[in-house]
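One structure is given here, and the rest of the page talks about it.
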Amino acid sequence: MNITRIGIDLAKQIFQIHGVDKHGKMVLRKQLRRAQMLSFFKKLNPV
């Protein structure tokens, strides 16, 4: 999965994550709890 841009809808406990590739095609849509955010972003490959 080649994510080049990530959008985050911030909330108090549940965040909506939306990732797109270099062509603007959605490749990721996910709900994360606040406690899961750091571990999720640590696992992503740098572009």
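Just so it is clear, the structure is predicted and the values come from calculations on it, not from any experiment. Just the heavy atoms: all of them, side chains too, but no hydrogens, waters or symmetry mates, feed the values below.
- Tracing side-chain contacts under 4.5 Å through hydrophobic residues (I, L, V, M, F, W, Y), one never reaches Ile8 starting from Ile14; they form parts of separate clusters.
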Run the side-chain donor-acceptor check on residues 17-38: report pairs under 3.5 Å with partners two or more places apart or on a different chain.
| from | atom 1 | to | atom 2 | distance (Å) |
| --- | --- | --- | --- | --- |
| Asp21 | OD1 | His23 | N | 3.0 |
| Asp21 | OD1 | Gly24 | N | 3.1 |
| Asp21 | OD1 | Lys25 | N | 2.9 |
| Arg34 | NE | Lys12 | O | 3.1 |
| Arg34 | NH2 | Lys12 | O | 2.9 |
| Gln36 | OE1 | Arg33 | N | 2.6 |

**Request:** Could you go through the side chain to side chain contact (heavy atoms under 4.5 Å, CB included) check for Phe15 and Leu10 one step at a time?
**Result:** CA-CA 5 Å; Phe15 300 132; Leu10 300 174; 4.1 Å; yes
